[in-house]
Amino acid sequence: MNMNEIQTPAYVVDEALIKKNVALLKTIMDETGCKILLAQKAFSMFSLYPLIGQYLSGTTASGLYEAKLGQEEMGKENHIFSPAYKESEFEEIVSLCDHIIFNSFSQMERFGPAVLRANKKIGLRINPEHSTQVGHEIYDPCAKGCRFGIREEAFEKDKLHNVSGLHFHTLCEQDSLDLWTTIQAVERRFGDVLYDMEWINFGGGHHITKDGYDLALLKKCITYVQQKYNVIVYLEPGEAIAYEAGYLVTTVLDRVNNDGDILIVDTSASCHMPDVLEMPYRPPLKNSGEKNEKLHMYQIAGPTCLAGDVIGHYSFDEEIQVGTRLVFEDMAIYSMVKNNTFNGMALPDIVILKEDGTCHVQKRFQYEDFKNRLS
Ligand SMILES: Cc1ncc(COP(=O)(O)O)c(C=O)c1O
């Protein structure tokens, strides 16, 4: 089956592009000695974990289920950070994970002894209080009042005897210059403590696989920290692993007009690409132009009841007919991990585009998948 024959809507992930991304990440590991983990929150397509695991050091999780998935499907290093752990899940988390990162001293005091008994590593998430992004407070862990990471003011340096590493995550789709200024903030606030650590985790948000990303500076940052403090640097990008490596293919179901032409498609921003509304952003669409750039202009919208289920405004050289397929780009990340069945919408198929150009349907969802989440 090729791309034109698949049933829509479908997330199509391009194996060759995933390989290209992880191969680039591996060169950073090879050249610096750092370790890079897949942050599963961005991309949990586990049928590709065996491939990704050939290049990366392992996985990181946000909670028990991702930790389980990482261990079952990749089976390499497995880390976890959660702002707060639950007593009922912690024993299993400890059995699955190598590094367990706490967001507070109180969580460490409560759960740390179980980590030590299991001979696993304890880490603490710090808050460098250094915002490097503007206009995206929802994605800024250094924003005022944010619950993530221990600030310098609350950092109890006399309680670190069982801590083997520090973790920070402050970036979102950013270049290495922002990492560098963050490292300087980390050094100012926590540098003295770093000498006693075995590792430091630079979190995610590094747009490493985007064209133009300053790789040389990233490598300098890693080498500088590793040499100065004698630690192993971990990175845990999610987005960079599957950046621009997937599509969401949809079919035009109808055309209506209200102050302009509107295409109703068989995929929903609200259900299948929630970041379009949450972030918000306008996803790239193959063979289209900006609003008013080309002759034929359309609003593209989903089939749910939400008036705001609008994917964006796009223009085309040709008129778009009912039945036309449209291909939204960069849809592997933060898409299938966040989708939902609001309005009883079917979930898109999950498809792999193989290197020989054939498409394999990995998963097709049914009515039962909708019903089984309800009662
Ligand atoms: C703690 C942590 N690590 C890693 C990531 C992955 O970030 P990204 O997908 O932007 O690389 C996130 C994203 O929110 C995160 O919160």
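Just so you know, ligand 1 is whichever comes first in the structure, and atom 1 is the first atom listed for that ligand. Residue indices begin at 1 and follow the sequence shown.
Considering both main-chain and side-chain atoms, Lys41 comes within under 3.5 Å of ligand 1 through a nitrogen or oxygen pair. Looking at ligand 1, you won't find any N or O of His167 less than 3.5 Å from one of its N or O atoms. For the pair Pro237 and ligand 1, the shortest N or O to N or O distance does not fall below 3.5 Å.
Protein heavy atom at the shortest distance from atom 1 (C) of ligand 1 is Glu236 OE2, 3.5 Å. Shortest contact from atom 9 (O) of ligand 1 to any protein heavy atom: Tyr334 OH, 2.6 Å.
For the pair Arg125 and Phe168, the cation-pi test (distance below 6.0 Å, angle within 45°) is failed. Taking the ring centre of Tyr247 as origin, the terminal cationic atom of Lys286 falls inside the region bounded by 6.0 Å and 45° from the ring axis.
Contacts between His169 and ligand 1, counted as non-hydrogen atom pairs separated by less than 4.0 Å, involve the side chain only.
With salt bridges taken as basic N to acidic carboxylate O contacts below 4.0 Å, one links Lys159 and Glu109. In summary, Glu137 and Lys144 do not engage in a salt bridge, as defined by a charged side-chain N under 4.0 Å from a carboxylate O. Electrostatic pairing of Glu290 and Arg282 counts as a salt bridge here, judged by a charged N lying under 4.0 Å from a carboxylate O. We find that Lys210 and Glu239 are not joined by a salt bridge, their nearest charged nitrogen and carboxylate oxygen being 4.0 Å or further apart.
Residue contacts with ligand 1 include Arg125, since one of its heavy atoms falls under 4.0 Å from the ligand. The shortest separation from a heavy atom of Tyr139 to ligand 1 is not under 4.0 Å, leaving the residue out of contact.
For the pair Asp349 (side chain) and Val351 (backbone), a donor-acceptor distance under 3.5 Å is absent.
Residue nearest to atom 7 (O) of ligand 1, selected from Gly205, Ala240, Ala61, Ala39: Gly205 (by heavy-atom distance).
For ligand 1, the atoms closer than 4.0 angstrom to any heavy atom of Gly238 are 6 (C), 8 (P), 9 (O), 11 (O). Heavy-atom proximity to Glu239, at under 4.0 Å, picks out these atoms of ligand 1: 8 (P), 9 (O), 11 (O).
Aromatic ring orientation, Phe148 versus Phe81: perpendicular (interplanar angle above 60°, classes split at 30° and 60°).
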